Amino acid sequence: MTRFLAAASALTLSIASAAVAADAPSKADVLNVYANIAEAKYDDSLIAAKSLQAAVNALIVEPSDATLNAARAAWVAARVPYQQTEVYRFGNAIVDDWEGKVNAWPLDEGLIDYVDASYGGPTDENELAALNVIANPSFELSGQAIDASKITPKLLSDTLHEADGIEANVATGYHAIEFLLWGQDLNGHGTGAGNRPWTDYAQGDDCTGGHCDRRAQYLSAATELLVSDLEWMAAQWAEGGDARAALNADETAGVAAILTGMGSLSYGEQAGERMRLGLMLNDPEEEHDCFSDNTHNSHYYDGLGVQNVYLGSYTRIDGTPVSGASLSDLVIASDPSLDAEMKVKLANTMQALGRLKSTAEAGFAYDQMLERGNKGGEQLIMGGVNGLVDQTKTIERIVITLKLDQINFEGSDSLDNPDAVFQ
Amino acid sequence: MRPLVLAVALTLPFASHAQDRGPILTDTVTAHILPGYSRLSEATGLLTETAQRDCDPGSPDLRAAYNTAFDNWISVSHLRFGPSEVDDRAFALAFWPDTKGFTPKALSSMIAAKDTAVESPAEFSETSIAGRGFFALELMLFEPAFATQGDMPYRCALVRAITADIDRNASAIGSDWDTYAKALTQPGETSPYRSGDEALQELYKALMTGLEFTGDTRLGRPLGTFDRPRPKRAEARRSARSLRHVELSLIALRDLAARLSADHPDIADDLDRAFGKAIDRAQSLDDPSLSGVADPQARFRIEALQQSINDIRAIASTELGPTLGISAGFNSLDGD
């Protein structure tokens, strides 16, 4: 009986959606707005990275408490647009293949610079975990002698990054820069973030931590790379760029890519790897921005990115709106109540992530929330996790309602088989 | 493209009309899931009792009880939904892969601090998942470095706390299934599953995620690349269980696949043959800890095993999923 009804209503629905087709946006329009928002977000990320670069240059030329703090503030600001781009990652192979250069995490920071004795040395997993390239102008890598007498963008990207095939060897991107600006957070579950002194960049006798010239070289090279990597990605989303071309190659697959990005980021990546795992491990450094204690913002803006892609509406860092035909409009045309469900769930997630953010900003840092037995912290983090898991369920329903489920056979195997969505 | 989509839209409802999800759901729950968890909690009960009697890491009884309980966990470890996800139970039973060495770190710090959480099951359940479950127990029983850390009475208390915690979690999953079985077999307003399709999708997803984990993680992690194999990354290599986990998981997934494809004999045959080939390949390897990944000759056979798992995945995703009208959805392995 139910089956007959399902069959009948499916038929009615296809007729009904044909009738309201005039109200539904075309897939091409939806994809165009999705790409416009990507272009705006990567362009904003680039603009903010250039401000960071200017602040880093000021720190290197004139090291002081003030210039270090200004560079840190520029880093925090640069994360706002970038985190909102993460929703593009898993659905678009071109982004996924590239993103490790700019946002790889977690990292074995001992690869880069000095660390506390409690960090330990090389591990079973990573022989280079304590390499400290800033202190070592030459070293051996997989049996080869490496000349690191000058720390250049090329050395970081071609030799050090993911050295020995190990992902924790993160030599480039936001988190490497974060470590160079804040240093290790040695406060455990106590208050305070990393506390690198500005004198780590002082030249001559004032230098602390050793090799201040090489540390400055490293910071400068890593920031230069960040800018050029973002420049490249922004260009891919501009009119005529490869990311747009791939997206538009098959409209139905393109819409599936939007949903793959939303679901994979929400569930496996953010709710699982980045939030729930840290909570279960009770490890104060198992947080996305562990040096700066900016994790609450990273989570918040990741969530916001998912929401604004669904709604097809993004506000640029200078206040300019970018909006138009949305996935939401497309869902309304086939099932308005499903669209309402999605909107409510996205709003619930943002409320939970907002609670996390406001509490952190009031002084209860994310690493304190991770402490064993801390019920309040657990509730805050699990509120976000539950919201993200719950919204994934509705994203799956949308995939089915829009009949995209047989397009992407690999389901959400966005990493194993990123091309699947384009087949 | 458009005519194809339209065709799918028209045929799908009729395809699902032909298949009532009820029998498959009921069969999978009563013949696959419930017996699996019942065997697990029986074995973890025995493990806890054995550790109470004898906590010596070298004790043959204790090691045998560990092996049996771990076997039974691996045979249900693909069922990552519902009761296993409440209170982090499955994570606390088996935290692996441990890419940053959290397990040795958690155990060392417990031992160094003589953490009194070992005296209370409730307190112990608040500690890091990395210091709990089968992989923590493996280190305590098989890793020489942990045979000498701290003093014997504390190590013994820790082993007992870990086994009791394993039993607590395994039993809690089992008893929650008494009610969750209804949610899965009778979807609707009061169930997390709105329809039979959503319930079936959960099981299909368990099959696909289980295959992905065994192929890409259990085998893929130690395989690394030809130039840089990673034998130390093999799962439970200290107790020489790495290959056994591949075999046990394939046997469990073969059973699940057979139940999901029960209405489609051709697909069931294809899947069963593919599973048979993979299991034969696993059983013909004589390499319990998969250390052969570093030897070109042996490596070739491990790669062939991995390929045969990929073949099963291809059949499931191109034949079974579309025929059932079900997609894999999102899983926890998405992302990094």
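Every chain is numbered from 1, with letters handed out A, B, ... down the list of sequences. Quick caveat: nothing in here was measured; it's all calculated off a predicted structure.
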Let me see the working for E85(B) and R276(A) under side-chain contact (heavy atoms from CB on, under 4.5 Å), right down to the final yes or no. CA-CA 11 Å; E85(B) 304 312 291; R276(A) 196 169 172 197; 4.1 Å; yes
Can you confirm whether R397(A) sits close enough to E198(B) that some side-chain heavy atom of one is under 4.5 Å from a side-chain heavy atom of the other?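 Result yes, sub-4.5 Å side-chain heavy-atom pair found.
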Hey, does the side chain of D88(B) reach the backbone of M280(A) with a donor-acceptor pair shorter than 3.5 angstrom? no
Looking at R228(B) and E127(A), is there a salt bridge between them, counting it only when a charged N and a carboxylate O are closer than 4.0 Å?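 Result for this pair is yes, salt bridge flagged.
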Taking E341(A) first and then R194(B), would you say they form a salt bridge - that is, a charged N and a carboxylate O separated by under 4.0 Å? yes
For chain B, the option from S266(A), P106(A), S142(A), G120(A) that forms the most heavy-atom pairs under 4.5 Å: P106(A)
Chain B contacts, top residue of V389(A), V399(A), I166(A) (heavy-atom pairs, under 4.5 Å): I166(A)
Go through the atoms of [X] and report whether side chain, backbone, both or neither lie under 4.5 Å from a heavy atom of chain B.
X	result
D164(A)	both
E286(A)	side chain
L279(A)	neither

Which bit of [X] comes within less than 4.5 Å of chain A, counting heavy atoms only: side chain, backbone, both or neither?
X	result
R132(B)	neither
D227(B)	neither
P104(B)	neither

Give the C-alpha distance, both sets of side-chain angles, the deciding distance and a yes or no for side-chain contact (heavy atoms from CB on, under 4.5 Å) between E125(A) and K100(B). CA-CA 7 Å; E125(A) 287 274 340; K100(B) 292 183 82 184; over 6 Å; no
Is there a side-chain contact (heavy atoms from CB on, under 4.5 Å) between N374(A) and E126(B) once you walk through the steps? CA-CA 9 Å; N374(A) 190 319; E126(B) 292 282 319; over 6 Å; no
How about NZ on K101(A), more than 12 heavy atoms from neighbouring residues, nucleotides or ligands closer than 6.0 Å, or not? no
CE of M262(A) to CZ of F330(B), rounded to nearest 0.5 Å, is 8.5 Å
Nearest 0.5 Å please: distance from the CD1 atom of I129(B) over to the CG atom of L281(A).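 Interatomic distance, I129(B) CD1 to L281(A) CG, rounded to 0.5 Å: 4.5 Å.
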Nearest heavy-atom neighbours spanning D283(A) and F102(B):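 Where D283(A) meets F102(B) most closely, the heavy atoms are OD2-CE2, 3.1 Å.
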